[in-house]
Amino acid sequence: MTVVAFSCARFTPADLVEFEAVAEPKLRLGHWAGVIRETGREHDRLLVLLPGVDRPVFRFERDGRGRYSLSFNDRSGWYGIGSGATASECLSIWRPRPRAQRTVSVL
């Protein structure tokens, strides 16, 4: 039997599930126009396209060391906006935050 090692530079199926949980509602609601996957020897990337924009604006990436990063492109270049040891941790910037409960004091 031959065993092929899984590259650290590739998204795992669980990583793609995490990304899909974020992407699906954004795509369905029209906030995102599409997602393109770009794979290379030292990276695996998901590039996010926004409606009316002619280039990818967000990039979710796993590098050759297995690290995750999230970047934003403002036409001047890519800027890091998130990172993490897991896909979930890296994508947490896009997860809804629980609403803070307000305390009302009655006098």
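Since the model is a prediction, treat every value here as computed from it, not as a measurement. Just so you know, these numbers use all the heavy atoms, side chains as well, and skip hydrogens, waters and symmetry mates.
By the rule that hydrophobic residues join a cluster once side-chain heavy atoms approach within less than 4.5 Å of another member, I93 and L50 end up as members of one cluster. At a threshold of 4.5 Å between side-chain heavy atoms, the hydrophobic network of Ile, Leu, Val, Met, Phe, Trp and Tyr places V53 and L27 in one connected group. Using a 4.5 Å cut-off between side-chain heavy atoms of Ile, Leu, Val, Met, Phe, Trp and Tyr, with links allowed through other members, W32 and V17 fall into different hydrophobic clusters. Residues L47 and L49 fall within the same hydrophobic cluster, defined by Ile, Leu, Val, Met, Phe, Trp and Tyr side chains chained together at heavy-atom separations under 4.5 Å.
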Could you tabulate the donor-acceptor pairs under 3.5 Å formed by side-chain atoms of residues 65-73, not counting sequence neighbours?
{"unit_1": "R67", "atom_1": "NE", "unit_2": "D63", "atom_2": "OD2", "d": "3.0"}
{"unit_1": "R67", "atom_1": "NH2", "unit_2": "D63", "atom_2": "OD2", "d": "2.9"}
{"unit_1": "Y68", "atom_1": "OH", "unit_2": "D15", "atom_2": "OD1", "d": "3.0"}
{"unit_1": "Y68", "atom_1": "OH", "unit_2": "D15", "atom_2": "OD2", "d": "2.8"}
{"unit_1": "Y68", "atom_1": "OH", "unit_2": "R62", "atom_2": "NH1", "d": "3.0"}
{"unit_1": "N73", "atom_1": "OD1", "unit_2": "R75", "atom_2": "N", "d": "2.8"}

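The salt bridge (Lys or Arg N to Asp or Glu O under 4.0 Å) check on R37 picks up D44, with sequence neighbours excluded.
In this structure, the separation between CD on E38 and CZ on R45 is 5.0 Å, given to the nearest 0.5 Å. For the atom pair NE2 (H43) and SG (C8), the distance works out to 15.0 Å, reported to the nearest 0.5 Å.
Ring to ring, F60 and F11 are close: their centroids are under 6.0 angstrom apart.
Looking at every heavy atom in both residues, E89 comes nearest to G84 through OE2-CA, 3.2 Å. A pairwise comparison of heavy atoms in V48 and F19 identifies CG2-CZ, 4.0 Å as the closest pair. Smallest separation of non-hydrogen atoms from W78 and F58: CZ3-C, 3.7 Å.
For R41, the CZ atom is loosely surrounded, since the number of other residues' heavy atoms within 6.0 Å does not exceed 12.
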